[in-house]
Amino acid sequence: MTNEFCNTIQIYLRDQVDSITNEGLVIAKPGENPIVAHASDLDITPSITDSKASLIKSYAETLYIDKLQPVDAARLKIKRSVILQFKVNTDQPFVIGSLDYPARLTYTPNLNTDILKIEHKQPAHL
(Lines give C-alpha, C1' and ligand atoms only; values in the text may rest on other atoms or scores of the structure.)
Protein backbone atom coordinates (compact mmCIF):
# COMPACT_ATOMS: atom_id res chain seq x y z
CA MET A 1 0.00 0.00 0.00
CA THR A 2 1.38 3.38 -1.01
CA ASN A 3 0.50 6.37 1.12
CA GLU A 4 0.56 9.95 -0.11
CA PHE A 5 1.33 12.40 2.66
CA CYS A 6 1.18 16.07 3.35
CA ASN A 7 4.44 17.80 4.14
CA THR A 8 4.59 17.75 7.95
CA ILE A 9 6.49 15.05 9.84
CA GLN A 10 6.53 14.82 13.62
CA ILE A 11 9.65 13.09 14.93
CA TYR A 12 9.42 11.63 18.43
CA LEU A 13 12.48 10.14 20.09
CA ARG A 14 11.65 6.67 21.43
CA ASP A 15 11.83 7.76 25.09
CA GLN A 16 9.40 10.68 24.51
CA VAL A 17 6.47 8.42 23.60
CA ASP A 18 3.96 7.15 26.13
CA SER A 19 1.76 5.17 23.70
CA ILE A 20 0.45 4.89 20.15
CA THR A 21 -3.29 4.53 19.55
CA ASN A 22 -4.81 2.03 17.11
CA GLU A 23 -5.74 4.99 14.91
CA GLY A 24 -2.06 5.92 14.53
CA LEU A 25 -1.94 8.86 16.92
CA VAL A 26 1.27 9.20 18.96
CA ILE A 27 0.72 10.14 22.61
CA ALA A 28 3.80 11.87 24.03
CA LYS A 29 4.84 11.78 27.67
CA PRO A 30 3.91 14.92 29.64
CA GLY A 31 6.09 17.88 28.72
CA GLU A 32 7.58 16.23 25.62
CA ASN A 33 7.29 17.83 22.18
CA PRO A 34 8.23 16.32 18.81
CA ILE A 35 10.68 17.72 16.31
CA VAL A 36 8.62 19.02 13.40
CA ALA A 37 10.08 18.73 9.91
CA HIS A 38 8.64 19.92 6.61
CA ALA A 39 9.37 17.68 3.64
CA SER A 40 8.84 17.76 -0.07
CA ASP A 41 5.82 15.80 -1.29
CA LEU A 42 6.44 12.13 -0.65
CA ASP A 43 5.08 8.64 -1.11
CA ILE A 44 6.09 5.83 1.22
CA THR A 45 5.76 2.21 0.18
CA PRO A 46 6.72 -0.63 2.52
CA SER A 47 8.33 -3.77 1.21
CA ILE A 48 7.22 -7.15 2.52
CA THR A 49 9.73 -9.98 2.82
CA ASP A 50 9.23 -13.53 4.01
CA SER A 51 11.54 -14.77 6.75
CA LYS A 52 11.54 -18.03 8.70
CA ALA A 53 9.80 -16.37 11.65
CA SER A 54 7.14 -14.29 9.87
CA LEU A 55 6.49 -11.74 7.18
CA ILE A 56 8.62 -8.62 7.70
CA LYS A 57 7.40 -5.16 6.68
CA SER A 58 10.25 -2.74 6.11
CA TYR A 59 10.71 0.87 5.10
CA ALA A 60 13.87 2.39 3.64
CA GLU A 61 13.23 6.01 2.69
CA THR A 62 15.32 9.12 2.10
CA LEU A 63 13.45 12.39 2.62
CA TYR A 64 14.58 15.92 1.81
CA ILE A 65 13.38 18.38 4.43
CA ASP A 66 13.66 22.11 5.14
CA LYS A 67 16.54 23.11 7.38
CA LEU A 68 15.93 22.17 11.01
CA GLN A 69 16.39 24.56 13.91
CA PRO A 70 19.92 24.20 15.37
CA VAL A 71 18.59 22.78 18.66
CA ASP A 72 16.60 20.09 16.80
CA ALA A 73 19.52 19.30 14.50
CA ALA A 74 21.75 18.82 17.56
CA ARG A 75 19.28 16.26 18.99
CA LEU A 76 19.48 14.25 15.76
CA LYS A 77 23.24 14.44 15.16
CA ILE A 78 23.61 10.73 15.97
CA LYS A 79 21.51 7.86 14.62
CA ARG A 80 18.37 7.75 16.78
CA SER A 81 15.51 5.38 17.55
CA VAL A 82 12.36 7.30 16.68
CA ILE A 83 8.66 7.09 16.02
CA LEU A 84 7.54 9.16 13.03
CA GLN A 85 4.01 10.47 12.64
CA PHE A 86 2.89 11.60 9.20
CA LYS A 87 -0.41 13.23 8.40
CA VAL A 88 -2.11 11.44 5.52
CA ASN A 89 -4.18 13.56 3.15
CA THR A 90 -7.29 11.80 4.49
CA ASP A 91 -6.56 13.45 7.89
CA GLN A 92 -5.80 10.10 9.55
CA PRO A 93 -2.24 9.98 10.91
CA PHE A 94 0.21 7.31 9.75
CA VAL A 95 3.02 6.09 11.99
CA ILE A 96 6.34 4.46 11.18
CA GLY A 97 7.87 2.81 14.24
CA SER A 98 6.46 1.51 17.48
CA LEU A 99 7.57 1.25 21.08
CA ASP A 100 8.78 -2.32 20.51
CA TYR A 101 10.13 -1.72 17.00
CA PRO A 102 11.23 1.92 16.67
CA ALA A 103 12.45 3.27 13.35
CA ARG A 104 16.09 4.25 12.94
CA LEU A 105 16.68 7.80 11.75
CA THR A 106 19.88 9.26 10.34
CA TYR A 107 19.98 13.04 9.91
CA THR A 108 22.37 14.69 7.45
CA PRO A 109 22.63 18.48 7.22
CA ASN A 110 23.20 20.00 3.78
CA LEU A 111 23.58 23.48 2.40
CA ASN A 112 19.98 24.31 1.44
CA THR A 113 18.03 21.28 2.67
CA ASP A 114 18.56 18.50 5.17
CA ILE A 115 18.20 14.76 4.61
CA LEU A 116 16.41 12.20 6.79
CA LYS A 117 17.16 8.54 6.13
CA ILE A 118 14.52 6.26 7.65
CA GLU A 119 15.03 2.53 8.22
CA HIS A 120 12.38 0.40 9.88
CA LYS A 121 11.57 -3.32 10.09
CA GLN A 122 8.83 -5.06 12.05
CA PRO A 123 6.62 -8.15 11.74
CA ALA A 124 3.89 -7.47 9.16
CA HIS A 125 1.07 -8.54 11.50
CA LEU A 126 1.71 -5.57 13.83
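- Ile9 and Val95 end up in different hydrophobic clusters when Ile, Leu, Val, Met, Phe, Trp and Tyr side chains are linked at under 4.5 Å.
- The closest side-chain heavy-atom distance from Leu76 to Leu13 is below 4.5 Å.
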**OP:** Could you go through the side chain to side chain contact (heavy atoms under 4.5 Å, CB included) check for Ile65 and His38 one step at a time?
**Re:** CA-CA 5 Å; Ile65 62 168; His38 300 283; over 6 Å; no

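- The distance from the CD atom of Gln16 to the CZ atom of Arg75 is 5.0 Å, given to the nearest 0.5 Å.
- Looking only at side-chain heavy atoms (C-beta outward), Ile96 and Phe86 come within less than 4.5 Å of each other.
- Lys117 has a carboxylate O that lies under 4.0 Å from a charged side-chain N of Glu119, or vice versa, which qualifies the two as a salt bridge.
- Note that OG1 of Thr45 is 6.5 Å distant from CD of Glu61, once rounded to the nearest 0.5 Å.
- Taking a cutoff of 4.0 Å between a charged side-chain nitrogen and a carboxylate oxygen, Asp114 and Lys67 qualify as a salt bridge.
- Taking CG of Leu84 as the reference point, atom CD1 of Ile44 lies at 8.0 Å (rounded to 0.5 Å).
- The shortest distance between side-chain heavy atoms of Ile48 and Ile56 does not fall below 4.5 Å.
- The side-chain heavy atoms of Thr8 and Val36, taken from C-beta on, include a pair separated by under 4.5 Å.
- Under the 4.5 Å side-chain heavy-atom criterion for Ile, Leu, Val, Met, Phe, Trp and Tyr, Val82 and Leu68 are members of the same hydrophobic cluster.
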**OP:** Show your working on side chain to side chain contact (heavy atoms under 4.5 Å, CB included) between Ile27 and Val17 and close with a plain yes or no.
**Re:** CA-CA 6 Å; Ile27 309 297; Val17 177; over 6 Å; no

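- With contacts defined as side-chain heavy-atom distances shorter than 4.5 Å, the pair Glu23/Pro93 does not qualify.
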**OP:** Using the side chain to side chain contact (heavy atoms under 4.5 Å, CB included) rule, take Thr106 and Ile118 through it: C-alpha gap first, then chi angles, then the decisive distance, then the call.
**Re:** CA-CA 7 Å; Thr106 304; Ile118 301 166; over 6 Å; no

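- Remark: the backbone N or O of Leu25 is paired with a side-chain donor or acceptor of Thr21 at under 3.5 angstrom.
- Atom CG of Asp72 and atom OH of Tyr107 lie 9.0 Å apart (nearest 0.5 Å).
- Between Leu55 and Thr49, the closest side-chain pair of non-hydrogen atoms is not below 4.5 Å.
- Its side chain within the 4.5 Å cluster rule, Ile115 clusters with Tyr64 among the Ile, Leu, Val, Met, Phe, Trp and Tyr residues.
- Between the side chain of Glu32 and the main chain of Lys29, no donor-acceptor pair closer than 3.5 Å is present.
- Partner Arg104 forms a side chain to side chain contact (heavy atoms under 4.5 Å, CB included) with one of Lys79, His120, Arg80, Lys121 and no other, that one being Lys79.
- Going from atom OG1 of Thr113 over to atom CG of Leu63 covers 11.0 Å, rounded to the nearest 0.5 Å.
- Checking side-chain atoms of Asn7 against main-chain N and O of Ala39 turns up a donor-acceptor pair under 3.5 Å.
- For the pair Arg14 (side chain) and Leu99 (backbone), a donor-acceptor distance under 3.5 Å is present.
- Aromatic ring orientation, Tyr59 versus Phe94: perpendicular (interplanar angle above 60°, classes split at 30° and 60°).
- Gln85 contributes a side-chain N or O that, together with a main-chain N or O of Val26, makes up a donor-acceptor pair within less than 3.5 Å.
- For Pro123, the side-chain contact (heavy atoms from CB on, under 4.5 Å) partners at least two apart in sequence or on another chain are Ser54, Tyr101, His125, Leu126.
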